K.L.:
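My structure is below; once you've seen it, I'll send some questions.
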Number of protein chains: 2
Amino acid sequence: MADINFKPSESTKLSANAPRGPLSTPLSATERAEIPFIELLYFAYRDFISDPDAELLSYGFGRAHHRIIHFVNRHPGIRVADLLDILKITKQSLGRVLKQLVDSGFIEQLPGPQDRRQRLLYPTEAGRALSLRLLDPQARRIGAALASLSPAERKGAEEFLRHIVDASERDKVARLIGK
Amino acid sequence: MADINFKPSESTKLSANAPRGPLSTPLSATERAEIPFIELLYFAYRDFISDPDAELLSYGFGRAHHRIIHFVNRHPGIRVADLLDILKITKQSLGRVLKQLVDSGFIEQLPGPQDRRQRLLYPTEAGRALSLRLLDPQARRIGAALASLSPAERKGAEEFLRHIVDASERDKVARLIGK
DNA sequence: AAAAATATGTCAACATGGCTGACATAAATT
DNA sequence: AATTTATGTCAGCCATGTTGACATATTTTT
């Protein structure tokens, strides 16, 4: 490995002591003003899911269970097909995790009244309780964040997130969220 | 299974035809005003990562590769320990994926000039190019979202995300983002 | 009534990317 | 000289995603 024999005056702080790499100039927000938002989304989401992740551990569940529990509680009687469309996963992936939730008594399946091929999904009392437990820390986190914003800023946060969603999915998401 | 023998007047649309489940009343934003934001974060993040996910497929890479490529390009010469602290994963998880990126010529490792135990990470030209390719669709998505907002609303979006981050991580994130 | 389409479930195999635990090595620090 | 630190590596486990093929019950169509 070649040693350092040339040390040009570096302009950036982070790479000041490392002018030997193939590329020592950082990708900066100067070039791409959107980078801070990209990274904020990453860090915010990383921490946003950390609370329920910890809670789920004590039940032996994971994020997949969380998503199912949440949307079944939000839409009791939801069809399997609609849940698949929300989660954008395969029925095999869903089936495995859903089965665990049914077996452990958090979700119940009932045949559809009109179409008896359907197995509509409902939360049990335990399922509702779990949903609320998982919801609580996230709601607190959101609430605290919103509390520090003006009404216009709050609207900005909401509109920003709505526009990050695929344009083709936006209406459906708006309907699901209930606005 | 008990049949329906009582059909109370339902107020919500979604559960109107399904009053037989253990719980047919939906968890609604009426009880928890933060629910729309919780779901918006979920849907926004789901779509936000879909563009790079598709792009990565053609390289045989996954999200783990994306994160490494991104932060190494943002901070050329970063130490392995610092990258681990950003990603919050174990060195074994990082090592496996990082090795693939080094072997395929997207990232180069160089010993630290002061402390030669360190293996500082730098992007190669190919690594920078890949980083920009992955960045592009996300930056466009963010840019389009921001374009629809007023300055105050933009500030709201940014502040909201900053506050979603763990309080204990907020300063570090601010430094990483460069503000 | 028979045929086709639909909603769902299931079996099997595989890939990614997390994890833990144990151990190795080289370099810096004490 | 002993210890600590930065990093790597081997081995195995787990969660959760994938594809493909096939089964079943029910509804719709012909």
Side-chain angles (χ1 to χ4, degrees), chain A residues 1 3 18 42 45-46 49-50 52-69 72 77-104 107-122, chain B residues 18 42 45-46 49-50 52-54 56-70 72 77-104 107-122:
Chain A
M1 318 253 166
D3 247 342
Y42 167 72
Y45 197 77
R46 182 196 67 180
I49 53 175
S50 67
D53 270 3
E55 185 69 28
L56 287 157
L57 264 189
S58 56
Y59 291 85
F61 291 156
R63 278 176 210 178
H65 302 83
H66 185 190
R67 294 184 204 117
I68 297 173
I69 276 284
V72 168
I78 190 173
R79 293 187 312 143
V80 168
D82 289 336
L83 189 51
L84 287 175
D85 185 54
I86 289 176
L87 301 179
K88 306 278 187 219
I89 59 174
T90 59
K91 63 175 173 177
Q92 294 90 330
S93 295
L94 175 65
R96 193 163 36 191
V97 179
L98 179 55
K99 190 175 189 309
Q100 296 172 28
L101 288 168
V102 171
D103 288 350
S104 47
I107 287 181
E108 204 161 312
Q109 294 172 303
L110 293 173
Q114 285 85 24
D115 187 336
R116 278 161 43 218
R117 289 172 301 182
Q118 300 172 348
R119 303 245 191 123
L120 306 187
L121 307 175
Y122 294 86
Chain B
Y42 167 71
Y45 196 77
R46 182 196 66 179
I49 52 175
S50 67
D53 270 3
L56 287 158
L57 265 189
S58 57
Y59 291 84
F61 291 156
R63 275 177 212 177
H65 301 84
H66 184 189
R67 294 185 203 117
I68 297 173
I69 276 284
H70 177 85
V72 168
I78 191 174
R79 293 186 312 143
V80 168
D82 289 335
L83 189 50
L84 287 175
D85 185 54
I86 289 176
L87 302 180
K88 307 276 186 219
I89 57 174
T90 60
K91 63 175 173 176
Q92 294 92 328
S93 295
L94 175 65
R96 195 162 35 189
V97 180
L98 179 56
K99 191 175 189 307
Q100 297 171 27
L101 287 168
V102 171
D103 289 349
S104 46
I107 286 181
E108 206 160 311
Q109 293 172 304
L110 293 172
Q114 285 86 24
D115 187 335
R116 279 164 39 221
R117 288 172 304 182
Q118 299 172 348
R119 303 242 189 127
L120 307 185
L121 306 175
Y122 294 87

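The chains referred to below are lettered A, B, ... by the order of the sequence lines, with proteins before strands, and numbering in each begins at 1. Note that the structure is predicted; figures quoted are calculated from it, not measured.
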K.L.:
So, A:Arg46 side chain and B:Ile86 main chain: donor-acceptor pair closer than 3.5 Å or not?
P.N.:
yes

K.L.:
Reading nucleotides 13-22 of chain C from the 5' end, what letters show protein touch, with B for base, S for backbone sugar-phosphate only, - for no heavy atom under 4.0 Å?
P.N.:
----BBBBBB

K.L.:
Write down the protein N/O and nucleotide N/O pairs, taken from nucleotides 3-7 of chain C, whose separation is under 3.5 Å; answer none if there are no such pairs.
P.N.:
| residue | atom | partner | partner atom | Å |
| --- | --- | --- | --- | --- |
| C:dT6 | O2 | A:Arg117 | NH1 | 2.5 |

K.L.:
For B:Leu56 and B:Gly62, work out which heavy atoms get closest and say how close.
P.N.:
CD1-O, 3.4 Å

K.L.:
What distance do A:Asp115 atom CG and A:Arg79 atom CZ have between them, rounded to the nearest 0.5 Å?
P.N.:
8.0 Å

K.L.:
Distance from B:Ile68 atom CD1 to B:Gln100 atom CD, nearest 0.5 Å?
P.N.:
9.0 Å

K.L.:
Can you tell me how far C1' of D:dG8 sits from CG of B:Leu98, to the nearest Å?
P.N.:
10 Å

K.L.:
Rounded to whole angstrom units, what separation is found between the CD1 atom of A:Ile49 and the P atom of D:dT16?
P.N.:
12 Å

K.L.:
Once the angle between the rings of B:His70 and B:His66 is folded into 0 to 90°, is it parallel (under 30°), tilted (30 to 60°) or perpendicular (over 60°)?
P.N.:
perpendicular

K.L.:
Given atom CG of A:Asp103 and atom C1' of C:dG9, what is their separation to the nearest angstrom?
P.N.:
13 Å

K.L.:
Rounded to the nearest 0.5 Å, how far apart are CG of A:Leu121 and CD of A:Gln109?
P.N.:
5.5 Å

K.L.:
Output the distance between atom OG (A:Ser104) and atom OH (A:Tyr59), rounded to the nearest 0.5 Å.
P.N.:
11.0 Å

K.L.:
Send over the distance from A:Leu120 CG to C:dT8 P, rounded to a whole Å.
P.N.:
8 Å

K.L.:
Roughly, in whole Å, what's the span from CG in B:Asp85 to C1' in D:dT5?
P.N.:
16 Å

K.L.:
Rounded to the nearest angstrom, tell me the gap between atom CD1 in B:Ile78 and atom P in D:dA6.
P.N.:
14 Å

K.L.:
Given atom CG of A:Leu56 and atom C1' of D:dC14, what is their separation to the nearest angstrom?
P.N.:
15 Å

K.L.:
Heavy-atom count check: over 12 atoms from other residues, nucleotides or ligands less than 6.0 Å from A:Lys99 NZ?
P.N.:
no

K.L.:
Without decimals, in angstroms, what is the distance between A:Gln109 CD and D:dA25 P?
P.N.:
16 Å

K.L.:
Sort out for me which residue in B:Leu94, B:Asp82, B:Val97 forms a side chain to side chain contact (heavy atoms under 4.5 Å, CB included) with B:Leu87.
P.N.:
B:Leu94

